[in-house]
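What follows is one structure encoded as structure tokens, with my remarks underneath.
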Number of protein chains: 2
Amino acid sequence: MAAVQDGVVTSIPDRLFLDLKNAIFEGRIAVGSKLSEPELAREYEVSRGALREAIGRLEACRLVIRKNNLGTRVVSLNHEQLIEIYHVRESLEGMAARQAALAITDEELRELDRLLDHHANDIEEEINHAYFQEEGDLDFHYSIVKASHNNFLFELLCNDLYQLVRLYRYQFGMRSKRAVRAYDEHCNIVDAIKRRDGEMAEHMMRAHIRASRENVELMLADRTSNIA
Amino acid sequence: MAAVQDGVVTSIPDRLFLDLKNAIFEGRIAVGSKLSEPELAREYEVSRGALREAIGRLEACRLVIRKNNLGTRVVSLNHEQLIEIYHVRESLEGMAARQAALAITDEELRELDRLLDHHANDIEEEINHAYFQEEGDLDFHYSIVKASHNNFLFELLCNDLYQLVRLYRYQFGMRSKRAVRAYDEHCNIVDAIKRRDGEMAEHMMRAHIRASRENVELMLADRTSNIA
DNA sequence: AAATCCCATATTGTCGACATTTTTATTAAA
DNA sequence: TTTAATAAAAATGTCGACAATATGGGATTT
């Protein structure tokens, strides 16, 4: 999961960008709240200039929205926008699986098997389900995208989309209960990749994400009906 | 084509961002060349701070690459990277066509017909082929994506991907000679959308972009063999 | 002659201050 | 009491200056 950039000199905005991102993910900066430049500059002990550059990068990966003369707010997405992202994920990750089937290395294949085993153990021991519902699932998808050896796809998904999904799932307080079914779907995807069947890998991945989206739609529908 | 943001106050970085983008597209800032902050600040008569913010936005849409303490250069892509982008386009625009088939309005459908007519006339009169090879084709794709009514998809494709493709085709000096065949493919796509057949619309759009990619691959192969 | 080191120069990184715009608080009028 | 106008406060936009880093040239050494 760790995408450490080795040897790259990190500037103040680099560090700030990471810190702010974590603050958002951990809820210390609330969804929808405003990022006050004077306040954050004091808190992180940096100049407003450096802070503004870090905020610019948050804006680039769509985690915040900035309006001229009005300041910056953490994105607050509605249901429709979350669904939009799932549609994009479906097409993008489908393509990733297709390309992974052609380009994956033996080492990357072993890594996928390891993740699958880990997932299976968690299910059998009926413990720690939470892991694969959150980070573990992301690790799996991350590995597939990496195995596609399409760097553009990788950046799009891993730098932007996954983070948005993570934030929204957090925002809506969603925890998937699909661990067992998701495991089966993951196996299907890996099987297709092992057989170098790109067409099938894409099909299975799209089905997997579509199921995940439908699950989300159900939860969102539940929520609104409960509130209403 | 014009995506004018009405009523939005434009700051200096806003204007600079547009100016620099145009300068890159028109070749006044060469592909691969360095963006000197002092020089550009003098030329555009702005402070380096405002300039740096504009550069940050160029970086966000991947038109330039910035390295700490080393400065910023206009992206210079190799063949593999251009092909990577076409793969992403294929999956993303396929999804756009699929969703457009479900969500397109009558007005948007009329607009598509207008573009198709325009394209057909150009072919019959055997003039102005250049138009549809470049801007016209982009207009068509732009309209489809808009008709998907998936705003996230729209931003991804129209703010980032199309611009990159445009720049690379310029960088490699490519001009498609597929006007007639592309017209037929466009018609197939619009037919499927009219029938509200999302599955087929996606299939046709993907075939269209795949053909375009294969055409690009051919040109790139030609080029390298000529040079070698 | 080639390679290495060192210094002068230029460029990027960072900061504090001022200008402009928005927001809040206050006051006056209906 | 509510609304409108206005003034004070705070936030964002913009800038120029200084600090840190990289580049290029020349002297020195092998």
Side-chain angles (χ1 to χ4, degrees), chain A residues 4-24 28-76, chain B residues 4-24 28-76:
Chain A
V4 181
Q5 298 160 333
D6 31 309
V8 174
V9 187
T10 60
S11 61
I12 292 179
D14 285 342
R15 178 178 59 77
L16 261 181
F17 172 60
L18 260 46
D19 286 349
L20 289 173
K21 218 162 57 169
N22 285 333
I24 290 172
R28 298 205 308 281
I29 301 179
V31 168
S33 72
K34 183 172 169 182
L35 276 68
S36 161
E37 292 183 8
E39 190 178 319
L40 291 173
R42 242 180 299 120
E43 184 175 343
Y44 289 92
E45 294 179 320
V46 294
S47 75
R48 269 184 58 223
L51 177 67
R52 282 166 68 88
E53 179 154 342
I55 289 178
R57 297 196 205 168
L58 291 175
E59 189 184 17
C61 53
R62 301 160 198 274
L63 286 174
V64 304
I65 293 176
R66 185 159 161 185
K67 288 179 180 164
N68 278 341
N69 296 318
L70 291 177
T72 306
R73 310 193 87 93
V74 179
V75 285
S76 170
Chain B
V4 182
Q5 298 161 332
D6 32 307
V8 174
V9 187
T10 62
S11 60
I12 291 179
D14 285 340
R15 178 177 60 76
L16 262 181
F17 172 59
L18 261 44
D19 286 350
L20 289 173
K21 220 163 52 170
N22 286 333
I24 290 173
R28 299 205 310 278
I29 302 180
V31 167
S33 71
K34 183 171 169 181
L35 276 69
S36 163
E37 292 183 8
E39 189 179 319
L40 290 173
R42 241 180 299 119
E43 185 175 342
Y44 289 92
E45 296 179 319
V46 295
S47 76
R48 270 184 56 223
L51 178 67
R52 282 166 68 87
E53 180 154 341
I55 289 178
R57 296 195 205 169
L58 291 175
E59 189 184 17
C61 53
R62 301 161 198 274
L63 287 173
V64 303
I65 294 176
R66 184 159 162 186
K67 289 178 180 164
N68 278 341
N69 296 319
L70 291 177
T72 307
R73 309 194 86 92
V74 179
V75 286
S76 170

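Convention: sequence-line order gives letters A, B, ...; per-chain numbering from 1.
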Under 4.5 Å between any side-chain heavy atoms of Ile12(B) and Tyr44(B), yes or no?
-> no
Salt bridge Arg66(B)-Glu53(A), side-chain N to carboxylate O under 4.0 Å | yes
Taking Arg73(B) for the side chain and Gly32(B) for the main chain, is one N or O donor matched with an acceptor at less than 3.5 Å?
-> yes
From the list Leu35(B), Leu16(B), Leu63(B), side-chain contact (heavy atoms from CB on, under 4.5 Å) partner of Ile55(B) resolves to Leu35(B)
Is there a side-chain contact between Arg15(B) and Thr10(B) (heavy atoms, below 4.5 Å)?
-> no
Atom CZ in Arg42(B), atom CD in Glu45(B): separation rounded to 0.5 Å?
-> 11.5 Å
CA sep, side-chain torsions, deciding dist, call: Leu70(B), Lys34(B), side-chain contact (heavy atoms from CB on, under 4.5 Å) | CA-CA 10 Å; Leu70(B) 291 177; Lys34(B) 183 171 169 181; over 6 Å; no
Polar atom pairs between nucleotides 5-9 of chain D and protein, under 3.5 Å, N or O only, would you list them?
none

Starting at the 5' end of nucleotides 11-18 of chain C, put B wherever the base has a protein heavy atom under 4.0 Å, S where only the sugar-phosphate does, and a dash everywhere else.
-> SBBBB---
From OG (Ser11(B)) to CG (Asn69(A)), nearest 0.5 Å | 8.0 Å
Taking it one step at a time, do Thr72(A) and Leu58(A) satisfy side-chain contact (heavy atoms from CB on, under 4.5 Å)?
-> CA-CA 10 Å; Thr72(A) 306; Leu58(A) 291 175; over 6 Å; no
Net bend of the helix from dA1(C)-dT30(D) to dA30(C)-dT1(D), end axes of five pairs each, nearest 10 degrees | 10°
For residues Val64(B) and Ile24(B), determine if any side-chain heavy atom of one lies less than 4.5 Å from a side-chain heavy atom of the other.
-> yes
